[in-house]
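Written below as structure tokens is the structure these notes are about.
Indexing begins at 1, ligand by ligand and atom by atom, following the structure's order. Residues take their numbers from the sequence shown, with the count starting at 1.
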Amino acid sequence: MSKKLLLKDAHVEGIRYFETYRKQGGYGAAEKAFKMTPEEILEEVKVSGLRGRGGAGFPTGMKWSFLAKPEGVPRHLVVNADESEPGTFKDRYLMEFLPHLLIEGMLISSFVLGSNVSYIYIRGEYSWIPDILEEAIEEAKAAGFLGKNILGSGFDCEIYVQRGGGAYICGEETALLESLEGKRGNPRLKPPFPAVKGLWERPTVVNNVESIAAIVPIIDITGAEYAKIGVGRSTGTKLISACGNINKPGVYEIDMTITVEEFIYSDEYCGGIPNGKKLKACIPGGSSVPIVPANLLLKTVNGEPRYMNYESLADGGFATGTMMGSGGFIVLDEDQCVVEHTMTLARFYNHESCGQCTPCREGTGWMYKILKKIEKGEGKMEDIDLLWDIQRKIEGNTICPLGDAAAWPVAAAIRHFRDEFEWHIKNPELCLTQNYGLANY
Ligand code: NAD
Ligand code: SF4
């Protein structure tokens, strides 16, 4: 059984409220942290090996240490709660059921970073959660954990919740900052990174909800103990939101030593595939990461079991591996059609492209149109190579990672499921009445 750090109290009735959270030991980590110096806390975070839980897996301690500190310029912590990656809903769970865990993590992080005004930028579709967060902020303030002179330290901190308007691109950190400044959410060129020039050109750390919540157990148990959980550079625990063709969709906390097979089939997690169907493929890290067929999902290229961690999922690189990403674990059973699935994603990325760069603006539209044609049985064999060509021209040639995110699912689908694309083209009449999965497994 995986160790629980973030969700250990998730089942406690009333844990959403300060009184219960406090009874369970809540804000104990903050009290401990305020007896340490910001440098000592930063060292604990570095030792913990925590990697950004939003998708990129960038070491959190390193990101914090990049924060510029020019004399007299305010610094900010911004929590990225614009969780919009298809298949990803773990931050929603944390904010909805454990808002004080996030607030406590923000308090400690703001203290380390010297942020007197910190923000939570939350996706517009999570319309009921800002009220929960704002209530928790008020409770924390009333108890002296936010506001002026927190715990007699002389440190002041306010937290504000800003609602997004429902655009996927506003989850990209620089687009988020633009939006927070009241502008259209267009990504900025990096560098400069937000750590140097962020919100209103001030040094800013942008961290995912889960990353900031993880600061609480790191301080509780120490960075060294946190680093002992997991394996290699995949330390601590990770939240996985599991969905698709599984018996038990939901949010699970894993310690990154379990195998993919155990995660899918064990009753502790996904509980297997409904109606005893076969596993066809999986997208383990949210829609932006490459799809992997079952044979490569359960084993690495070296024949080793594949584990639910950053290194093992990426084994073989983009050719055969995939990525941990945001932990949005989407399972496809034998009946699913990869062409249809890829087309749906292409439509999504085309719709969400901000339109600033030509390869993304034009390329995502072309990929969607071609995939739609193939899916409807109107494709030609050369369309597959055309698709391949377009995705290659997008990857690495855009301002922000949305371009790559649109290209990778198409590349992986063609690489692993080319026969399925060909079947659609060779069997136009069958495509209209059934899908490849149902016809061929
Ligand atoms: P990135 O690798 O460009 O950056 C990761 C973080 O490290 C950023 O905060 C960046 O500012 C910082 N960083 C990197 N190099 C730095 C340097 N030299 N100096 C200072 N800071 C530096 O990736 P990204 O654009 O932040 O994220 C991409 C990932 O987001 C994708 O892999 C995808 O999985 C994920 N994603 C998640 C969601 C979601 O809903 N959770 C949605 C879309 C995409
Ligand atoms: Fe906008 Fe796409 Fe360019 Fe990102 S890659 S800046 S979403 S056009």
One thing to verify: whether Lys280 and Glu420 come together as a salt bridge, which I'm taking to mean a side-chain N less than 4.0 angstrom from a carboxylate O. yes
Might you confirm whether atom CZ of Arg418 has over 12 heavy atoms from other residues, nucleotides or ligands at distances under 6.0 Å? yes
In terms of side-chain geometry, is the basic nitrogen of Arg163 or Asp131 positioned less than 4.0 Å from the acidic oxygen of its partner? yes
Using a 6.0 Å distance limit plus a 45 degree cone around the ring axis, check whether Arg16 lies over the aromatic ring of Tyr21. no
Count the heavy atoms belonging to other residues, nucleotides or ligands that lie under 6.0 Å from CH2 of Trp388, then report whether that count exceeds 12. yes
Would you mind writing out a table of all protein N or O atoms found under 3.5 Å from any N or O atom of ligand 1, naming both atoms and giving the distance to 0.1 Å?
unit_1   : atom_1 : unit_2 : atom_2 : d
ligand 1 : 9 (O)  : Lys63  : NZ     : 2.7
ligand 1 : 9 (O)  : Glu173 : OE1    : 2.6
ligand 1 : 9 (O)  : Glu173 : OE2    : 3.3
ligand 1 : 11 (O) : Glu173 : OE1    : 3.4
ligand 1 : 11 (O) : Glu173 : OE2    : 2.5
ligand 1 : 40 (O) : Ser84  : N      : 3.1
ligand 1 : 40 (O) : Glu85  : N      : 3.0
ligand 1 : 41 (N) : Gly54  : O      : 3.1

Can you label the angle between the Trp200 ring and the His76 ring as parallel, tilted or perpendicular, going by 30° and 60°? perpendicular
State whether the number of non-hydrogen atoms from other residues, nucleotides or ligands found under 6.0 Å of Lys372 atom NZ is greater than 12. no
Salt bridge check, Lys183 against Glu181: does any charged N sit closer than 4.0 Å to a carboxylate O? yes
Ion pair check, Lys277 and Glu334, cut-off under 4.0 Å: no
Take atom 1 (Fe) of ligand 2 and tell me which protein N, O or S atoms are nearer than 2.8 Å. Cys354 SG
